[in-house]
Each structure stands twice: as C-alpha cells, then as structure tokens.
Number of protein chains: 2
Amino acid sequence: MNAENIRKIREFNRSYTRVLKLTDKYHLDTQYTLLESRLLLEIDRGVNSANQLMLLLHVDKGYLSRTLKKLKSEGLLIEVPNDQDKRIKNLNLTNDGEKVLKMIDQRADTQVETLFSSIPTEELENVIRDMQEIKNAVKKYSHDKEI
Amino acid sequence: MNAENIRKIREFNRSYTRVLKLTDKYHLDTQYTLLESRLLLEIDRGVNSANQLMLLLHVDKGYLSRTLKKLKSEGLLIEVPNDQDKRIKNLNLTNDGEKVLKMIDQRADTQVETLFSSIPTEELENVIRDMQEIKNAVKKYSHDKEI
DNA sequence: GAATGTTAGTTGACTTTAGCAACTTTTTTT
DNA sequence: AAAAAAAGTTGCTAAAGTCAACTAACATTC
C-alpha cells in the first residue's frame with residue numbers, strides 16, 4: 001500500500017477516535033463503565049459465559065470475574081448452572097439488568113443522534129452508506145474472525 | 001433522525017472500535033503508552049507546553065505533569081525556559097525522542113497496512129474515499145471545535 | 001479407569017492509570 | 001499594592017487492569 005493511503009487511513013482513525021470518545025461520554029452520566037455496559041449488551045445478545053465474554057472483549061479473566069461479580073451483586077445478572085458442563089456458569093440479565101441496558105442504549109442513541117443530526121439528510125445518507133461499505137470491506141478481507 | 005440510521009451508525013462504531021483497538025496494539029510492542037506516544041507526536045508538531053497538551057488531550061494536569069517528567073527522565077524530552085512567561089516550561093523532543101517517535105510512527109503504519117492491505121486496490125480506493133467523506137461531514141457540521 | 005493435562009472461573013497481590021485538591025511561582029487584573 | 005488567575009508540581013486516593021496461584025470439572029491417553 002502506498003504511503004499516502006496509509007496516511008489517509010491513519011488520519012481518519014484519529015478523527016474517528018474523537019467521535020467515538022464523544023459517543024462514549026454518555027457513560028459518564030451513568031454509573032456504569034464501558035465494560036459493564038458492553039457486558040450487559042453481549043449477555044443480552046446471548047454471549048453468556050465468562051469465557052465467551054473474555055474471548056470477545058479481550059479482557060483479563062480475573063478482572064472479568066470481578067466485574068461480573070459486581071453486576072451480580074447489583075442484581076443486574078444472575079448465574080444459571082450449566083447442566084452440560086458444570087464448570088460453566090451461564091449468565092442472564094435480570095429484569096433490572098434489562099432495564100439498565102435499555103437505559104444505557106437509549107442514551108447511546110441520543111448521543112449518536114446529537115452528533116450526527118446536524119448533518120443534512122442527503123449527506124447523512126452518504127455517510128451511512130460509506131460506513132457500511134467500510135465495515136463490509138474490512139470484514140470481508142479481514143482474517144480476524146471477530147471484526 | 002430515524003432509528004434505523006442510528007442503529008447503522010452505532011453498528012459501524014462498534015465494528016470500527018475493534019479496528020482501532022487492533023491498530024493500537026502496536027503500543028503493546030513498544031514500551032510506550034498511548035498517551036506517551038501522543039505527547040511525543042504533539043510536541044513534535046509544536047504543541048509544546050503542558051497546558052496546551054492538557055487542553056488538547058483532555059488529561060488531568062497532575063497526571064500529565066508526571067507523565068512528562070517520566071519522558072524527561074528517559075531523555076526523550078527537554079525543558080526549555082520560556083523567557084516571555086516564566087511559569088511556562090516549553091518542551092522539545094531530544095534526538096532520542098525523535099527516534100522513538102519515528103519508530104512508533106512506523107509501527108503504526110505497519111499495523112494499518114497489515115489490516116487494510118488485504119482489501120483489493122479498487123475497493124480500498126472506495127474505502128479511503130468513504131473515510132474522507134465521513135471525516136469531512138462530521139467535521140463540517142460539528143460544533144465541537146476539536147474534531 | 002487412574003494419571004495427566006486442559007478448561008472455566010475465582011482470588012490475592014500488585015501495578016498502572018487517572019482524578020482531585022493543596023500548594024508554589026509567576027503573571028494579570030483591579 | 002493587593003487580589004485573582006494561570007502554569008505546573010506534589011501528595012493522596014480510587015479505579016482499572018494484570019499476573020499468577022488456586023479449585024473444580026472435564027477431556028485425553030495409556
């Protein structure tokens with residue numbers, strides 16, 4: 001790849017890092033960290049064992065264990081024994097956990113809306129098309145299974 | 001903005017967060033943190049007082065002071081007295097500091113290249129065009145001065 | 001089928017990262 | 001000249017993250 005392309009990609013990365021930081025600011029208005037929010041989200045989606053979460057989110061298993069413990073102690077998660085494999089503790093959101101996830105999700109929506117709503121409709125449609133193209137290209141040619 | 005657009009933007013954000021995490025991995029192969037690398041970069045660009053760096057990078061000034069102290073102790077930075085205002089300590093990269101910055105920069109290039117080089121030329125050109133369009137749109141309509 | 005190795009998760013000890021407030025020195029304001 | 005503000009340092013603390021040792025359950029292999 002030529003140097004100019006690398007430069008442009010890195011410039012985009014820098015600029016978009018700032019956007020992502022702004023969209024993450026809503027976490028400051030909640031009592032939950034980014035990791036906690038992400039855990040609730042992924043568990044809701046069905047990624048429901050500590051080991052799966054560890055592999056997906058690349059967090060230390062010790063730290064993960066403690067973080068999950070905290071969420072359990074707050075009543076957002078419950079452990080469900082896994083009958084096939086008793087080493088595994090399956091995780092589920094409680095009703096409270098679902099409520100919290102919904103709240104966090106709405107704030108994230110609001111934050112994204114705030115950041116992008118000033119872009120006029122047609123231009124926004126282009127931006128969204130661009131995003132999908134980037135996402136697909138990166139996904140398609142990536143050897144990293146998780147992207 | 002409609003819910004579908006918000007969903008798409010958030011999906012892109014999630015997927016691109018993973019890309020950025022991968023491009024940040026080179027920091028693990030160096031002895032420098034993201035903040036340290038960024039400080040070297042910005043000082044090289046001429047942002048050369050702790051206060052300016054604090055405003056640009058939004059870091060606590062106490063933490064910044066200590067981080068700069070560390071870089072000075074490692075011989076990557078030197079303090080130059082500011083004759084106009086003796087409260088200010090201007091910062092400059094030493095030769096070693098420049099070398100380290102160059103090394104970090106090359107690793108970042110390599111990482112980006114690794115991630116994107118598998119995308120075929122034409123598709124890559126589209127991706128880069130998309131990135132510029134997104135960057136410009138966000139910048140143009142953003143009220144945040146720093147984006 | 002007992003020994004060995006591996007996997008899931010927990011815990012203790014520790015380091016790094018970060019934030020806050022008090023403080024010194026210098027400059028600016030009134 | 002006094003008061004306020006700005007630049008930077010330091011002490012104290014908390015949160016975030018890492019690492020290794022450990023238990024219990026499961027898998028392998030001989």
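Sequence lines set the chain letters: A, B, ... in the order given, protein chains first and strands last, and positions in each chain run from 1.
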Value in whole Å for how far the P atom of C/dT10 lies from CG of A/L71: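 Result: 12 Å.
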Taking only residues two or more places apart in sequence or in another chain, which ones pass ring pair (Phe, Tyr, Trp, His ring centres under 6.0 Å) with B/F12? A/Y16, B/Y16
A/K86: which residues meet the salt bridge (Lys or Arg N to Asp or Glu O under 4.0 Å) condition with it, sequence neighbours left out?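 Applying salt bridge (Lys or Arg N to Asp or Glu O under 4.0 Å) to A/K86 gives none.
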Could you list the residues that satisfy salt bridge (Lys or Arg N to Asp or Glu O under 4.0 Å) with A/D130, not counting sequence neighbours?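 Salt bridge (Lys or Arg N to Asp or Glu O under 4.0 Å) list for A/D130, sorted by chain: empty.
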Please report the interatomic distance CG(B/L35) to CG(B/L39), rounded to the nearest 0.5 Å.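 With rounding to 0.5 Å, CG (B/L35) is 4.0 Å from CG (B/L39).
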Applying a 4.0 Å non-hydrogen cut-off, can you work out what B/T67 is touching in the nucleic acid: base, sugar-phosphate, or nothing? nothing
Please identify each residue that fulfils side chain to side chain contact (heavy atoms under 4.5 Å, CB included) with [X], with sequence neighbours left out.
X	result
A/K70	A/E36, A/E74
B/E4	B/N2, B/R7, B/K8
B/N48	B/Q52, B/N90

5' to 3' on DNA chain D, which nucleotides open and close the contacts with chain A (atom under 4.0 Å from a heavy atom)?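 Reading along DNA chain D, I get D/dA16 to D/dC26.
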A/K69 side chain N/O closer than 4.0 Å to the phosphate oxygens (OP1, OP2) of C/dG9? no
Which letter, B, S or -, goes with each nucleotide of nucleotides 18-30 of chain C from 5' to 3', with contact meaning a protein heavy atom under 4.0 Å? BBB-----BS---
With sequence neighbours excluded, give me every side-chain hydrogen bond (donor to acceptor under 3.5 Å, both in side chains) pair touching residues 106-116 of chain B.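 Those involving residues 106-116 of chain B are A/R10-B/D109.
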What residues in residues 36-46 of chain A put a non-hydrogen atom under 4.0 Å from any atom of DNA chain D?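 DNA chain D contact set from residues 36-46 of chain A: none.
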Partner residues of B/E133 under the side chain to side chain donor-acceptor pair (under 3.5 Å) criterion, sequence neighbours left out: none
Hey, can you pull the donor-acceptor pairs under 3.5 Å for the side chains in residues 60-67 of chain A, sequence neighbours left out?
{"unit_1": "A/D60", "atom_1": "OD2", "unit_2": "A/G62", "atom_2": "N", "d": "2.9"}
{"unit_1": "A/D60", "atom_1": "OD2", "unit_2": "A/Y63", "atom_2": "N", "d": "3.0"}
{"unit_1": "A/T67", "atom_1": "OG1", "unit_2": "A/Y63", "atom_2": "O", "d": "2.8"}

